[in-house]
Amino acid sequence: MSNSSTPLVSADTEWSPLRSVILGHAANSCFPQAPSHMIKATMPEEHFEEFRPNHRFPAELLQRADEELAQFASILQEHGVRVYRPKSVDWSKTGGYTAAMPRDGLLTVGNTIVEACFAWECRQQEIDLAFANILDELEKDSSVKVVRAPKVARPEALYEGIGSRQDGAHEWAINNSRPAFDAADFLRFGKTLIGQLSNVTNEKGVEYLQNAVPEGYTVELLDVTDEHAMHIDATILPLRQGLLIYNPERVTEAALRKHKVFQKWDLHAYPHLPSPRESPPRYMTSGWLLMNVLSLDEKKVVVEAGDVEFAEYIKSFGFEPIMCPFQHVNSIGGSFHCATVDLVRQGD
Ligand code: DAV
């Protein structure tokens, strides 16, 4: 139980001191299933054929991913962060994907945790099966609010009409027939949330989220130049109040400056290109995943052990990177930001 000085859920930024977090598990993860136009829109081309029904990730890969997650958990605990872990689920039996990427499914805003209205049908039970026990426990505290996603009657309706445009203009992989959003398409900047429309987030999803967050919070949409968009956490990276690194392949400084919240910020295009990697394969992401770090506070940032160039770059701004191996977790779809859900970031 909490008292007024130690809330169980309270987060308004991506950088204030982290006190409590959910951290995923990799065991029994399977390649997610989605219609082929969705896979083509969002996944690396060289791995398309892996995305087929009941296809587990290699067992050794998952074992090493869980070892990396355990090491990350120790780092968090050594820094005084309370770590909640999900239940184990055999995703091959449920047609699901993973419990390793909770950031996609849960968004903390103030004292409220909002469950994503996943576009991908294979993810619609993910929170129920693996994370409901954590949410139920947190919700026993009367200060915490959890907004669960509505059940979807006809998941395929989200794809109707897609691909039938005659004018060749870009279209996302989903229509706007019901609310759809992944939580990882949004980041917290105080009372402002910055998000994006993407191949998994539509306008109704944004409206739904705006209605689900506590009063006083506003969702704004960033103009991104990324037709493959799915999750904003390798596009912009706020490292402390007033300092943001952005991915120049996906967003412009002008687009960022349109948002009042960034008007006085230092905005830096990341100056290096990510290096290619063959092994372990990045089955689901680009090399820009190097931006998917987790801030412990306004100085300490957890960075993938091999991303030395990135670590040196952020050191030049005064940050203290904590290097942690995470390549096998990266393989199955994300890095430190994806694998966690902030529950408490201490306010001012
Ligand atoms: O760059 O492939 C990764 C974000 C995963 N949540 C990328 C985006």
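Counting starts at 1 for both ligands and their atoms, following the listed order. Numbers here are sequence positions counted from 1.
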J.: Hey, are D342 and T108 close enough side-chain-wise for a donor-acceptor pair under 3.5 Å?
T.: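 Their side chains do not contain a donor-acceptor pair, so the 3.5 Å distance test is not met.
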J.: Which residues satisfy the ring-ring contact (aromatic ring centres under 6.0 Å, His included) test with H259, sequence neighbours excluded?
T.: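 If we apply the ring-ring contact (aromatic ring centres under 6.0 Å, His included) test to H259, skipping adjacent residues, there are no hits.
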J.: Let's go through K315 and E312 carefully: what are the C-alpha distance in whole Å and the side-chain angles of both, what is the deciding distance for salt bridge (charged side-chain N to carboxylate O under 4.0 Å, His left out) to 0.1 Å, and is it a yes or a no?
T.: CA-CA 5 Å; K315 271 191 206 170; E312 290 303 317; 3.2 Å; yes
J.: Taking the ring centre of each residue, are F317 and H268 less than 6.0 Å apart?
T.: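 Between F317 and H268, the centre distance is under 6.0 Å.
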J.: Got a sec, which hydrophobics cluster with Y217, joining ILVMFWY side chains under 4.5 Å apart, including via others?
T.: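 Joined to Y217, directly or through intermediates: L107, V109, V114, V147, W172, F181, F186, L193, L197, V206, Y208, L209, V213, V219, L221.
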J.: With clusters built from Ile, Leu, Val, Met, Phe, Trp and Tyr whose side-chain heavy atoms come within less than 4.5 Å, directly or transitively, what are the remaining members of the cluster of W91, listed by chain and number?
T.: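 Members besides W91, by chain and number: V89, L129.
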J.: Quick check on ligand 1: any N or O pairs to the protein under 3.5 Å? One line per pair.
T.:
unit_1	atom_1	unit_2	atom_2	d
ligand 1	1 (O)	R250	NH1	3.2
ligand 1	1 (O)	R250	NH2	2.9
ligand 1	1 (O)	S286	OG	2.7
ligand 1	2 (O)	S286	N	2.8
ligand 1	2 (O)	S286	OG	3.4
ligand 1	6 (N)	H231	ND1	2.8
ligand 1	6 (N)	D233	OD1	3.4

